[in-house]
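Proteins come first, then strands; the chains are lettered A, B, ... in the order of their sequence lines, and each starts at number 1.
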Amino acid sequence: MKVISKQDFNDFITTLINDGSLDVHGVKAKDEKFVFGELESSDDLRLDYDTTILPPKKYFMPQYETLMKCSLKSPFDIKEKKPQKPLVLIGVHPYDIIAINQMDAYYCNDDVSKSYLDRRKNTILIGSDVLNIHDKAFFGSMNTGQVENGYDLFLTDLDDKVVIEIKSKKGEDLLNKAAMVREASDVEKQKVTAIRTAAQGRAKRGMKIEPKQWYSLLDQNYTSKVWKDQSDKCLACGTCTLVCPTCFCYDVNDEIDLKGNSKRVRTWDGCLLRQFSEVAGGEVFREDIKDRYRHRFFRKGKYLPDRLGFTACVGCGRCSTQCIPDIADPVKVMNLVFDNSETFIQDEDKQPKSISLDAIEIDEDEATPLHHPFPATITKIEDLTEREKLFEIELDSGEKLGHEPGQFVEVSIMGVGEAPISIASPPKRKRFDLVIRNVGEVTNKLHEMKKGDKVGIRGPFGTGFDVDQYKGRDLLFIAAGLGLPPLRSLIAHVLDKDNRKDYGKVTILHGCKEPCEVLFDSEIGKWQEIENVNVLRTVDRCPEGECWDGDIGLITKLIPKSNFDQKNTFCMIIGPPVVYPFCIQILLDLSVPEERIIVSLERRMKCGVGKCGHCQINNLYVCKDGPVFNYKDIKDLPEAFE
Amino acid sequence: MKPKIAFFDFASCEGCQLQVANLEESVIDVAEVVDVVEFREVMTNKAESYDIAFIEGSITRPIDEKRLKAIRKKTKTLVALGTCAHLGGVQRLSNQWSAKENLKEVYPDAKEKDINKNEFFEKPHHKAVDEVVKVDYVIPGCPIDRTEFIKVLVALIHGKKPPIPDYPVCVECKKKENICLFTIGKFCMGPIARAGCGAICPSHGSECEACRGYISHPHERAQIDVLEDCGLSADEIMHRKTMFTYKYVEKEKEESK
Ligand code: SF4
Ligand code: SF4
Ligand code: SF4
Ligand code: FES
């Protein structure tokens, strides 16, 4: 540890500010409160602050971030961002550094976000001990008053001098710009320890449970009356997520200007807002405010711990301060849940592994711009019905898409946006098919396009059908309405002459509202001719003047008629949300084992890589863990079949 | 062919049209992409049909309804411009009282017989544009925001749905890192008011009065609870609920009948 006099410290800050090659930001006053912002002089810096209105996450994931730019005339001539000056960020409290470490784990997990990593690596982070504790802070209860890593330098302001801990080479190099630095004495070191222990001990606010106990407490209280009672007062304003250092969800939209330039922009989003879970067709998967309100706590206390091993609350108290009806405060709410929980058993197996994270060591090559699409060409368009068209697409790179049956892609039209679309063709072919109904902006635009036009493609994404697992078995396909295209990717694979011998009897049930909505009529006819394949079809009604030779009635009625071998069959269901509970119940009644029922679910899929948060069903990400799920794995998730 | 756009004003202060007339440097770019065929504020031309008609003002008298319906027939797309067109404007508050009472209030010295004679005074009842004809899109706000106007115009030209947010003003306010007015003893309709203004009022320390209307699914009961908890009287709360959004109150009254 080093020590520098206050005067020399101020000179050091001034040197940094005057050094034109750096952006120097730190904590400064905004009226009676504090914010992180650009420092214009060393006097601006307020290390005596209690907390800032927004957390420093705004530097790594800005409120409004242009991901890419292009002209609509040449949409794939994507302009890369210019590198920015290195950022020196001064005065970050330990709990906020821990939140940044959590953010590192989140954005640099699996698919590494390049824009995030670039910003993070471009920052020299200077921490600071908490000298004044905000009256709503409870980092003492969350064990986040001290931090081990994730910063470059760390400051403890001792009035007439500042103690500085050097954590990294980057930090050391920066400190070399300061004139007079000496080693800290034992007394000075003891003072630092005393400040830390005091802060950690004071900022508790009477939280009745340990951070690692959130998991079991929530696990046992999904149906607690607290969720409804509290959310009755909720404004659904989104504040609690926006101000939180550990809420990372975002939205992506395209903007066009008068000159015909387009930008793809990422903005903060939050699960308390209604449209967060709204899909293009207008369905809102968390319509009830209670569900949104509860989701926030479960994401922090159960879902993220499940996935990444930490409780995603650092006790900063920002939500506790800024929620107007005062119902977002984790101390109050977790205590309420605890008090209302009849029994509470700490399940030792179910808790976060650790809450201190290792500093990120990520190879820059692993990071990709997660939202950049690849150019592709529409090679064929076929009208299927009045509302659906089939698009055959080839990547301009000439490569195969390389998908599994059941996966999806994000189709993108610059200036309009992206839409998640299931792949409707088997993996074997070089080109792939998408069946698109015109229900949203992107899909409407697609319907106006012609053969030869270009679209952007990202993907394939998600977990598809496990074709090896079904080998040697019979297969029953239940396709309702638009469920047929994604199932077609598997049916065509299974019925391919190279693969046919791997599977037993194939039964295909297809249902839709009216005969005019039938998809792939002639293809179904061909399937029917293949040996050991049985196709049954139904429509809800057949208006006068149309002809129909299948059944009339709901698809559920076909299941008992289909005569499949309950003991040896995998059953795949895809259709609109309403069909799942009914079809699944019939299969269970016929004693089909749970693990042989396979479904594919629809949610709002924006990023496709488990980052934006929109597609979550309780702890699962439909875009990664799904869209194809084994019924057994999701049957107990309350949000799966609502 | 550039799309033909036209502007029409009804009962309003013309402030929204003024925002458009004052687009400054963007005006030239706008002229590049559209043909302005009618715009009383800046020109005298008339046209037979339009691609986009922007309607400003509330609809007050039977003759206004007639005129508006004629415009609707001549335009492909109709956009309500500003709060008066969107919700009926502040003038809608006068719907609470009879025509006579309103006139007495405004012209206390007028003679009864003059009032009865004047056709402008025949039973004024303020309506939003969508209570008379089909409205395709709304640009909310009192006045409208110029950047938002451009965004909507560009979207329409490109066949996109105009990007009017359906989240509350608090979202924009938080992103700007403002100090919430509730924490300094003021009150605000931001939690249920529709964003898109960049939280301009709270950013300048003024309470949001929901001039852009509410979001599509406001949790209004919770907002009123908050105001009550802050010690506001029923009258004060009613004032905040009616300033620009009396349309919703009228609707509530109708529904409870
Ligand atoms: S809990 Fe509070 S801050 Fe969060 S959305 Fe509800 S009212 Fe807003
Ligand atoms: S939940 Fe609240 S207290 Fe916890 S980290 Fe987020 S804003 Fe801070
Ligand atoms: S000042 Fe108004 S808009 Fe801003 S956060 Fe507070 S309530 Fe919301
Ligand atoms: S997390 Fe973004 S789509 Fe799943």
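- With A/Lys57 contributing its side chain and A/Thr246 its backbone, the two residues share no donor-acceptor pair below 3.5 Å.
- For A/Ser231 (side chain) and A/Trp227 (main-chain N/O), a donor-acceptor pair under 3.5 Å exists by modelled atom type.
- Interface check for chain B: of the options A/Lys259, A/Arg274, A/Lys33, the most heavy-atom pairs under 4.5 Å are formed by A/Arg274.
- Checked against the 6.0 Å centroid criterion, the rings of A/Tyr116 and A/Phe248 do not qualify as a close aromatic pair.
- Between B/Glu209 and B/His239 the shortest side-chain heavy-atom distance falls below 4.5 Å.
- Neither the backbone nor the side chain of A/Ser262 comes within less than 4.5 Å of any heavy atom of chain B.
- Each of B/Leu153, B/Asp229, B/Ile179 has some count of heavy-atom pairs under 4.5 Å with chain A, and the biggest count is that of B/Ile179.
- Contact annotation for residues 29-38 of chain B against chain A (heavy-atom separation below 4.5 Å, listed by residue number): B/Asp29, B/Val30, B/Val33.
- Annotation: maximal heavy-atom pairing with chain B below 4.5 Å, among A/Gly260, A/Gly238, A/Cys234, A/Ala236, occurs at A/Cys234.
- Contacts of residues 412-420 of chain A with chain B at a heavy-atom distance below 4.5 Å involve A/Gly415, A/Val416, listed in sequence order.
- With a threshold of 4.5 angstrom between heavy atoms, A/Ile256 approaches chain B through its backbone and through its side chain.
- For the pair A/Arg604 (side chain) and A/Phe276 (backbone), a donor-acceptor distance under 3.5 Å is present.
- Between A/Lys606 and A/Asn253 the shortest side-chain heavy-atom distance falls below 4.5 Å.
- In this structure, A/Lys28 contributes its side chain and A/Leu39 its backbone to no donor-acceptor pair below 3.5 Å.
- Put simply, the side chain of A/Thr51 does not reach to within 4.5 Å of the side chain of A/Thr321, judged on heavy atoms.
- A/Lys233 touches chain B through its backbone: at least one of N, CA, C or O sits under 4.5 Å from a heavy atom, while the side chain does not.
- Put simply, of A/Ile324, A/Thr52, A/Ile289, A/Asn444, the one with the most heavy-atom pairs under 4.5 Å next to chain B is A/Ile324.
- A/Val243 touches chain B through its side chain: at least one heavy atom from C-beta onward sits under 4.5 Å away, while N, CA, C and O do not.
- Neither the backbone nor the side chain of A/Asp326 comes within less than 4.5 Å of any heavy atom in chain B.
- The main-chain N or O of A/Thr241 is never found under 3.5 Å from a side-chain atom of A/Trp268 such that the two would form a donor-acceptor pair.
- Proximity to chain A among residues 161-177 of chain B is limited to B/Lys161, B/Asp166, B/Tyr167, B/Pro168, B/Cys170, B/Val171, B/Lys174, B/Lys175, B/Lys176, B/Glu177, judged by heavy-atom separations below 4.5 angstrom.
- For B/Ile150, the part lying under 4.5 angstrom from a heavy atom of chain A is the side chain only.
- The line from NE2 of B/His86 to SG of B/Cys16 is 12.0 Å long, rounded to the nearest 0.5 Å.
- Relative orientation of the B/Phe54 and B/Phe149 rings is tilted, given thresholds of 30° and 60° on the angle between their planes.
- Looking at A/Leu258, both its backbone and its side chain come within 4.5 Å of chain B, counting heavy atoms on both sides.
- A donor-acceptor pair under 3.5 Å is absent between the side-chain atoms of A/Arg318 and the main chain of A/Pro245, judged by distance alone.
- Heavy-atom proximity under 4.5 angstrom to chain A picks out B/Ser216, B/His217, B/His219, B/Ala222 from residues 214-222 of chain B.
- Classified by interplanar angle (parallel below 30°, tilted 30° to 60°, perpendicular above 60°), the ring pair B/Phe187/B/Phe182 is perpendicular.
- Side-chain contact between B/Gln19 and B/Glu56: absent, with no pair of heavy atoms (C-beta onward) separated by less than 4.5 Å.
- Counting only distance, with no hydrogens or angles, the side chain of B/Gln223 and the backbone of B/Ile192 share no donor-acceptor pair below 3.5 Å.
- Panel note: side chain A/Glu287, backbone A/Val284; no donor-acceptor pair is recorded below 3.5 Å.
- Side-chain contact check for A/Pro330 versus A/Ser320: some heavy-atom pair is nearer than 4.5 Å.
- Between A/Tyr59 and A/Leu89, the shortest heavy-atom distance links the atoms CE1-CD1, 3.4 Å.
- No donor-acceptor pair closer than 3.5 Å links the side chain of B/Lys186 to the backbone N or O of B/Glu207.
- Here the straight-line distance linking atom NZ of A/Lys30 with atom CD1 of A/Ile53 works out to 5.5 Å at 0.5 Å rounding.
- Heavy-atom distances place both the backbone and the side chain of A/Asp254 under 4.5 Å from chain B.
- Comparing A/Asp31, A/Asp232, A/Thr239 by how many heavy-atom pairs each has under 4.5 Å with chain B, the most go to A/Thr239.
- Looking at B/Thr83, its side chain does come within 3.5 Å of a backbone N or O of B/Cys211 through a donor-acceptor pair.
- In this structure, B/Arg92 forms no cation-pi arrangement with B/Tyr246, as its terminal cationic atom is not both closer than 6.0 Å to the ring centre and no more than 45° off the ring axis.
- Checked against a 6.0 Å centroid threshold, the rings of A/His371 and A/Tyr250 count as neighbours.
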